[in-house]
Amino acid sequence: MQRPVIGITSYVEPAKFTVWDMTVALLPYMYVEQVVRAGGQPIVLPPAGEPAQVVGRLDGLILAGGGDVDPARYGQEPGDQTGYIRKFRDEAEFGLIAAALDAGLPYLGICRGLQVLNVALGGTLHQHLPDVVGHTGHSPAPGRFGPLPVTPVPGSRLAKALGTEPVTVPHYHHQAIDRLADGLTVTATAGDGTIEAVELDSAPFAVAVQWHPEAAEDGALFEALVAACRPVFTPPV
């Protein structure tokens, strides 16, 4: 059986590697490893051209983490702590998610991917979560994940993958959902009340989490995505 093809969105940032110092399309390799381990074939999607056109060639989609969504997309001005806005990435990914949802493509949103989903459907974001919850546990230091427990909601797709007991997961986010978009259901929260996962009721499989499952030892969410992808090969009877 062929591996389902899973598109993963990527960053475009200045980077240094071997003898080079230039702008690159990049993605933490943990995403790739998790998709391969789950049985999928990863394809990296840079925010260039018209990535929405590739939806018909994919079996599943992951919107990866990254910088902040432009607050203009939810009717606000950028706060003092809002940064790494890449409008070209917003344009590419909002078009991509619209096409993916329209096609019923299995979807996993990770960190920024949850925020893009919520804003695309009409929701808003807290621009700096520490101002809301009073601590920095969701993003303790630059380049360091914060381990915090989240509690999946029984009966959700998330709970089917992770169980219903609190599970400690790696966080790295300073923003989160404020107003929940219509059509989304909250499927996990942190102890401070932060929305940590949502699902789109009308989609066959559209799950988004605010934490970073690519950095976790448990690949259950990637396995759930791959399992939800349409079959690309049917063995003869």
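Heads up: numbering here begins at 1 and tracks the sequence.
Using a 3.5 Å distance cut-off with no hydrogens or angles, the side chains of Q34 and E223 do not pair a donor with an acceptor.
Looking at P213 and I110, their side chains come closer than 4.5 Å, going by heavy atoms from C-beta outward. Contact check for V167 versus V150: side-chain heavy atoms found under the 4.5 Å cut-off. The shortest distance between side-chain heavy atoms of V207 and L225 does not fall below 4.5 Å.
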Evaluation steps, side-chain contact (heavy atoms from CB on, under 4.5 Å), between V132 and T194
CA-CA 9 Å; V132 179; T194 301; over 6 Å; no
Let's go through V116 and V69 carefully: what are the C-alpha distance in whole Å and the side-chain angles of both, what is the deciding distance for side-chain contact (heavy atoms from CB on, under 4.5 Å) to 0.1 Å, and is it a yes or a no?
CA-CA 7 Å; V116 170; V69 173; 3.9 Å; yes
Test log, rule side-chain contact (heavy atoms from CB on, under 4.5 Å), inputs H173 and L129:
CA-CA 8 Å; H173 62 98; L129 191 57; 3.6 Å; yes
Test Q210 against Q115 for side-chain contact (heavy atoms from CB on, under 4.5 Å), laying out the working first.
CA-CA 8 Å; Q210 187 59 81; Q115 297 165 9; 3.1 Å; yes
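P28 and Y11 get closest at one heavy-atom pair: CD-CE1, 3.8 Å. Residues V209 and A197 approach most closely at CG1-CB, 3.9 Å, considering heavy atoms. Taking every heavy atom of both residues into account, A181 and G123 meet most closely at CB-N, 3.6 Å. Between A103 and V55 the shortest heavy-atom distance is CB-CG1, 3.9 Å. Closest heavy-atom contact between P46 and A25: CB-CB, 4.1 Å. Heavy atoms only, all atoms of each residue included: A224 and A161 are closest at CB-CB, 4.3 Å.
No more than 12 heavy-atom neighbours from other residues, nucleotides or ligands sit within 6.0 angstrom of OH on Y29. Other residues, nucleotides and ligands place no more than 12 heavy atoms under 6.0 Å from the CD atom of E50. Around CG of D80, the count of heavy atoms belonging to other residues, nucleotides or ligands within 6.0 Å does not exceed 12. A 6.0 Å sphere centred on CG of D21 holds more than 12 heavy atoms belonging to other residues, nucleotides or ligands.
Transitive grouping of hydrophobic side chains (ILVMFWY, heavy atoms separated by less than 4.5 Å) keeps V169 and L148 in distinct clusters. Hydrophobic clustering (ILVMFWY, side-chain heavy atoms < 4.5 Å, transitive): I6 and V32 are in one cluster. Under a hydrophobic-cluster definition in which Ile, Leu, Val, Met, Phe, Trp and Tyr are linked whenever side-chain heavy atoms come within less than 4.5 Å, directly or via other members, L27 and M30 are assigned to different clusters. In the hydrophobic clustering of this structure, V12 does not group with V44; members are Ile, Leu, Val, Met, Phe, Trp, Tyr whose side-chain heavy atoms approach within less than 4.5 Å, directly or through other members. Note on L125: it clusters hydrophobically with L180, by side-chain heavy-atom contacts below 4.5 Å among ILVMFWY residues.
Counting only distance, with no hydrogens or angles, the side chain of R73 and the backbone of A120 share no donor-acceptor pair below 3.5 Å. Y172 places a side-chain N or O within donor-acceptor distance of the main-chain N or O of G143, the cut-off being under 3.5 Å. No donor-acceptor pair under 3.5 Å is formed between the side chain of R3 and the backbone N or O of A38. In this structure a side-chain-to-backbone donor-acceptor pair under 3.5 Å is present from N118 to T124. With T187 contributing its side chain and P152 its backbone, the two residues share no donor-acceptor pair below 3.5 Å. The backbone N or O of A159 lies less than 3.5 Å from no partner atom in the side chain of T164, so there is not a single donor-acceptor pair.
Legend: residues meeting side chain to side chain contact (heavy atoms under 4.5 Å, CB included) with I43, ordered by chain and number and at least two apart, are V5, L45. Q81 is linked by a side-chain hydrogen bond (donor to acceptor under 3.5 Å, both in side chains) to nothing, counting only residues two or more places apart in sequence or in another chain. Every side-chain hydrogen bond (donor to acceptor under 3.5 Å, both in side chains) that D90 has, sequence neighbours left out, goes to R112.
Here the straight-line distance linking atom CZ of R86 with atom CG of D68 works out to 10.0 Å at 0.5 Å rounding. Separation of atoms CG (D201) and OG1 (T185) is listed at 3.0 Å; rounding is to 0.5 Å. Note: L114 CG to E199 CD = 11.0 Å, rounded to the nearest 0.5 Å. Rounded to the nearest 0.5 Å, atoms CG (L61) and CD (E93) are 8.5 Å apart. A distance of 9.5 Å separates CD1 of I177 from CD of E196, quoted to the nearest 0.5 Å. Taking OG1 from T168 and NE2 from H171, the interatomic distance works out to 8.0 Å, rounded to the nearest 0.5 Å.
Residue pairs meeting the ring pair (Phe, Tyr, Trp, His ring centres under 6.0 Å) criterion with at least one partner in residues 198-223, sequence neighbours excluded, are F145-H212. Listed by first then second residue, pairs satisfying ring pair (Phe, Tyr, Trp, His ring centres under 6.0 Å) with a partner in residues 72-121 number zero, not counting sequence neighbours. Residue pairs meeting the ring pair (Phe, Tyr, Trp, His ring centres under 6.0 Å) criterion with at least one member in residues 114-136, sequence neighbours excluded, are H128-H174, H135-H138.
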